[in-house]
Amino acid sequence: MTVLDMREVSGGYSTKEDTIHEITLSVKEGEWLGLLGPNGAGKSTIIKALLDLLPVKRGEITLPGPEEYAFIPEHPIFFEDLTLWEHIDFMRAVTGLDEEETTERAEYLLKLFRLTKVRNHYPTAFSKGMQQKLMIILALTAKPKLYIIDEPFIGLDPKAMKDLLRELEAERERGACVLMSTHVLDTAEKICDRFVLVNYGTIIAEGTLDDIRRESGVDGSLLDCFDELMTEEEL
Amino acid sequence: MRTGIGRIKLEWKDKIAIWRMVIDWTVALYIIVPILAIGGYYYVQLWQGNMEHLFTWMTPFRWTFLLLIIIHAGTLRLFVVEADMLFLRKFHAAFQRIKRTGVVYTLLLNGCMILLFAIALVPVWTVYGGYSAGWILSVLAAAFVTKITAQTTKQLLDVRYERGKLYAMNTVVTFLFTGVYIGLVFAPIWLTLLGSLFLAGAAAYLIRMRLREDWAFSLDCLREMGQRINLSAFFLQQSGTQEKPKKYPRKKPMLLFTESESFFKEPTNDKRLFEWFMKRWLRSKMRMLVYAQFFILFTIAIAVAPFYIKWLLLVLCTTIVVYTTYQMWLESWKHPFMKLLKRHESTDMSVPIRQAVGVITLPAAAVFGFFAGATGIALWAGLVTAALMISIIFFLFIKPPSKAVLEKQKGDVV
């Protein structure tokens, strides 16, 4: 069953020029889709368009109800005068999640990401990695159907990266799907079922790893295929 | 030197842009132009000697102490930016030149501020006080050197100490330089000039010391950033949105209230949202400052207004406090964090908003009511009005809706 569907979407920050051009992608239940591309390719713009944070001029977007997806932004966002635990509490109050279940899950995630000791601290005093962990905990606590994740590994230590992947894997078993934009290609290669390669706001290749290999004519890693496709595109 | 001047120009460009944004033609037409016209008229009257009544208690000599406001305002500017760390900081001579440009700018700015104040005060001193030009110049010189010495001393302390110690030292320095200025004003002209000369030497020494402190680069950058956004922060603080960067941000809040479960008998989402807003409000220095400004200004306005205006002001000032608190709530609700939580559209926010606005307004409304009644009629009337205001705020805002109303609301939503 398709959870997220984006059909020929174009739009951007400027009224004159589009940043993303006719983007079509979909994510099915339990599927991991990797949104890949170089810096400035338009990955984050696609995510913003999906979340209605950017004007979409043409195309259609089908997204599950707001309570059924969670967004982990590239740059952590938080209230400067609320503590870590108060953010979780606040999210629970606004979204109306079950109190007992959410508390138990949040406690578990805090322990997993080693943030229990700083639960009563302001996130402004955290390192970039710790702030990113807070964003991850908030998303994972909600247990949604779809995770939209923008560059999840930036600032995370290897242990946290591994824990995040393990938690997401558990979520996949539950039937949750993931749309993830990333630069970390070797990790993406291991965990994603399908890939969408973007450059200059346009999709240049998509499909499984085999599809990408066929399209690039390279029988190597995702990075090699990526390299080849980018070179072709630049030429 | 050119880089330093470029940075000053850029800062003024930004300042002018903010002023232009705030003062559109309607503000200019209805506020600035009348103020200039009325101010101009009274200034001419001042020179013509028609305002003797103003100086019966506040004698021309006492007006000299108004300069203390200017003396304790502002700080020494250095115009360093974080980007200097990449390249410029390695080239000591060029880096020092930028900082020196900042010092010259500070001196000029201080001079201009004192000159502006002097233009306003010269008729007071000459027409009504009969003071000589020599005395006026010696007082202005004393104000100028006291200001620059105080600014530099405070900055030297600012990079060395933090929190309580810094506050204590700043208080001591403020009192010390207030005393120095008062002493110089009371002294004979020759002693004032001699003291000013001594202070100028001290200021030069302290400035040189400050310029050599490259180790305080990060703190200087932070302070400079605060100075750059000073003007925008001033306007934005009225809505409680922006705060200047903090030198030593707190790790944990002073007001935690983690055990809110015991605080509320039956914790519900509404109560949690109320708690969330109260915590954000109480922990924000800027919001508290706006509230305190309103509290003090409105209380004075109600107390001194004529009898009938008093009651009108009571309603108006309470409404303004309610409206401002509500605006702060809206600002919280538009916070980027809300991008992560989409479900709020279906969440009924009316009860927690109402209660939070009510709890915050309650003390102000009670005090406004007390002063309206006490200054208008008698002390007992003040107490009655305060009780009346508390009751109105409670029943309009704080009283939780009955179970029947809640059930009905739920039914309507379904």
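Below, read A as the first sequence line, B as the second, and so on, with proteins coming before strands; counting in each chain starts at 1.
Using a 4.5 Å heavy-atom cut-off against chain B, no residue of residues 29-47 of chain A qualifies as contacting.
For Asp157(A), the side-chain hydrogen bond (donor to acceptor under 3.5 Å, both in side chains) partners at least two apart in sequence or on another chain are Arg114(A), Lys133(A). Asp98(A) is linked by a side-chain hydrogen bond (donor to acceptor under 3.5 Å, both in side chains) to nothing, counting only residues two or more places apart in sequence or in another chain.
No hydrogens or angles considered: a donor-acceptor pair under 3.5 Å links the side chains of Tyr323(B) and Gln327(B).
Residue with the most contacts toward chain B among Thr124(A), Ile77(A), Ile148(A): Ile77(A) (heavy-atom pairs, distance under 4.5 Å). For the set Phe90(A), Phe71(A), Phe78(A), Phe126(A), the count of heavy-atom pairs under 4.5 angstrom toward chain B peaks at Phe90(A).
Taking the ring centroids of Trp281(B) and Trp276(B), they lie at or beyond the 6.0 Å cut-off. For Phe153(A) and His183(A), the distance between ring centers is not under 6.0 angstrom.
The salt bridge (charged side-chain N to carboxylate O under 4.0 Å, His left out) pairs that include a residue from residues 119-129 of chain A are Glu107(A)-Arg119(A), where partners are two or more places apart or lie in different chains.
Counting only heavy atoms from C-beta outward, the side chains of Val27(A) and Thr2(A) never approach each other to under 4.5 Å.
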